[in-house]
Number of protein chains: 2
Amino acid sequence: MAVGKSSEAHSLKTFVNRLRLHSTLAERDVQALIELPWKFISRSQNTQLVRVGDLTGQCMVLVEGFVHRFRITEEGERQILTIYVPGDPINFEHLYLPLADDGLQVAKDCTLACVAQRDLHALLAAHPAIAEAVMRALLVDASIFREWTLNVGRRDARARIAHLLCEISVRLRAQGFDFQNTPIPLTQDQIADATGLTPVHVNRTLKVLSAERHVSRRGALVMLPDPEALRAVAGFDARYLHLSPWPRNDEPIA
Amino acid sequence: MAVGKSSEAHSLKTFVNRLRLHSTLAERDVQALIELPWKFISRSQNTQLVRVGDLTGQCMVLVEGFVHRFRITEEGERQILTIYVPGDPINFEHLYLPLADDGLQVAKDCTLACVAQRDLHALLAAHPAIAEAVMRALLVDASIFREWTLNVGRRDARARIAHLLCEISVRLRAQGFDFQNTPIPLTQDQIADATGLTPVHVNRTLKVLSAERHVSRRGALVMLPDPEALRAVAGFDARYLHLSPWPRNDEPIA
DNA sequence: TGCTATGTATAGCATAGGTTAAACCCACGT
DNA sequence: ACGTGGGTTTAACCTATGCTATACATAGCA
């Protein structure tokens, strides 16, 4: 049990790390965050975690595996809206808008840390620094959503796919994963749904990128041997991820 | 001067109204909000209010006219990411991420109410209800960004343009405008940039929609004579705008 | 009255990406 | 050892949308 506790605490470290990408948190804040009554659950591929219209009472953090967020057209066309990597809070917006407007689906067997919204609300009220960090994480997510609109609206298939792969590898690396050896966790169908393309066109385009040595394939897995070159293909500029220590122009608040 | 003050206070009413679309605010909260040291400015069409990379110190509310948010590809392709209508806060995310990741441009001569971020921060600290309302407004915006990704990624030109027009008319109506007589404040070029299409294809498609009586044109202005029919064309489901009184599943926080 | 600017309209041709359908591959379960 | 299912690959054909270029309309302005 002590072991269980400590390994669970460890698995929240990626979350703390994610918050610290954009915000500074004191040790006591981190402690309080970790000591919330988290519940850890595992879900297998394709499980639907949240459906459009659900009224949620929990907030979830992705600890391991992958989850994506999607919406569906009236005609049944699916669009993936973002892909979460370990450490990401995946539905903290439900703290303020508990009625889900997107679906959340497990893209690859995952484990999640869950808290009741009520407990989280209480924590945020007691720890303004955490509230601000959560806020900032949500706003960075919004910046990522906007980049996806740009990606889908204004880049051709090759740059579009390259951009998606760049983003994921950068975000994985920011969470401490070895991107050179971490395969991209997406099937071609999922890439299609994330880029607004067709699975067959994704296949064609991946073949091109592969011939150009911009991606390599180990079996079905896509790897990125040369991120720099791929960035050039994608026209990728990581600023929208707000990863570098950002400047502050605000004095401490009275 | 008293007159000036009172008309300025009046012009903030649309902002209060916007916040109240999603949140409940007590009168004293509203008072405090209105009494902030707002500065009112006018800007004419095509003025760039914020550039990518700017470090902002102000938050702005759109009082009159139209503003859009955009990003540009490395190749110089522009994508409009959202269109703001009167009453919308247009850059409140800079409270927490003051480094601008998008450009903001005046789409139609406008007037703006501006406050220093410092003053606003102080207000939010003193009035948690306002802080929550702002938060919620930002999260609704994020939901809109996601819908745009879906729109651009998964709808054909006709439904795409129709969807854009529906969204704007619904948001205008929510702010109290008479959508039947308010022309859509977009040139065909802007529609193209907002939908990821080409100006000439927008023109073609508008012609089709016009022949179908789904839009009408008074000179260069696009009007929506029959919003219901247009919604069917667009597959428009307004839930993502979170306009209806949303359900709450949270008890009052200790 | 005409000039310029900004936006709209149309035409003709080009192509990226969609569609359909069929094979293939391989990991897994029995 | 053999099917089964999820994912990948390829081919042939099709179309929605892009591209380039030119003409038109209107409003503001000298």
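So you know, we letter chains A, B, ... as the sequences are listed, proteins then strands, and number each from 1.
The B/Gln188 side chain lies nearest to C/dT8 when the options are C/dG17, C/dT8, D/dT8. For A/Asp156, the listed nucleotide lying nearest its side chain is C/dG17; candidates were D/dT8, D/dT17, C/dG17.
Rounded to a whole Å, the NE2 atom of B/His201 is 17 Å from the P atom of D/dT20. The CG-C1' distance, from A/Leu221 to C/dC26, rounds to 12 Å in whole Å. As rounded to whole Å, 17 Å separates atom P of D/dA27 from atom CG of B/Asp109. The separation between A/Arg155 atom CZ and C/dA16 atom C1' is 17 Å, rounded to whole Å. Separating the CD1 atom of B/Ile184 from the P atom of C/dT8 is a distance of 13 Å, rounded to the nearest angstrom.
Contacts of B/Thr198 with the nucleic acid, taken as non-hydrogen atoms under 4.0 Å apart, involve only primed sugar atoms and P, OP1 or OP2.
Using modelled atom types and a 3.5 Å distance limit, the side chains of B/Thr111 and B/Ser42 yield no donor-acceptor pair. Defined by atom type and a distance below 3.5 Å, a donor-acceptor pair is missing between the side-chain atoms of B/Asp109 and B/Ser44.
Salt bridge B/Arg231/A/Glu74: absent, no basic N to carboxylate O contact under 4.0 Å. The residues A/Arg239 and A/Asp237 are annotated as salt-bridged, a charged nitrogen and a carboxylate oxygen being separated by less than 4.0 angstrom.
The backbone N or O of B/Arg69 sits nowhere less than 3.5 Å from a side-chain atom of B/Asp102 that would complete a donor-acceptor pair.
In terms of position along DNA chain D, the nucleotide closest to A/Pro199 lies nearer the 5' end than the nucleotide closest to the other residue of the pair A/Pro199 and A/Arg154.
Within the structure, every side-chain polar atom (N or O) of B/Gln45 is placed at least 4.0 Å from both OP1 and OP2 of C/dT6.
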Check step by step if side-chain hydrogen bond (donor to acceptor under 3.5 Å, both in side chains) holds for B/His163 and B/Arg160.
CA-CA 5 Å; B/His163 194 279; B/Arg160 208 133 119 198; over 6 Å; no
Go through it in stages, so that I can follow the logic: the residues are A/Glu147 and B/Arg71, the test is salt bridge (Lys or Arg N to Asp or Glu O under 4.0 Å), and I'd like the CA-CA distance, side-chain angles, deciding distance and then a yes or no.
CA-CA 8 Å; A/Glu147 187 71 20; B/Arg71 248 177 226 190; 2.6 Å; yes
Please report the C-alpha distance between B/Tyr84 and B/Phe15 in whole Å, then the side-chain angles of each, then the deciding distance to 0.1 Å, and finally whether the ring pair (Phe, Tyr, Trp, His ring centres under 6.0 Å) criterion is met.
CA-CA 12 Å; B/Tyr84 292 108; B/Phe15 176 43; over 10 Å; no
Apply salt bridge (Lys or Arg N to Asp or Glu O under 4.0 Å) to residues B/Arg173 and B/Asp178 and explain how you reach the verdict.
CA-CA 6 Å; B/Arg173 187 166 46 162; B/Asp178 172 11; over 6 Å; no
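Interface residues of residues 202-217 of chain A facing DNA chain D, ordered by number: A/Asn203, A/Arg204, A/Lys207, A/Arg217; criterion, heavy-atom separation under 4.0 Å. A heavy-atom distance below 4.0 Å to DNA chain D is reached by these residues of residues 189-197 of chain B, ordered by number: B/Gly196, B/Leu197.
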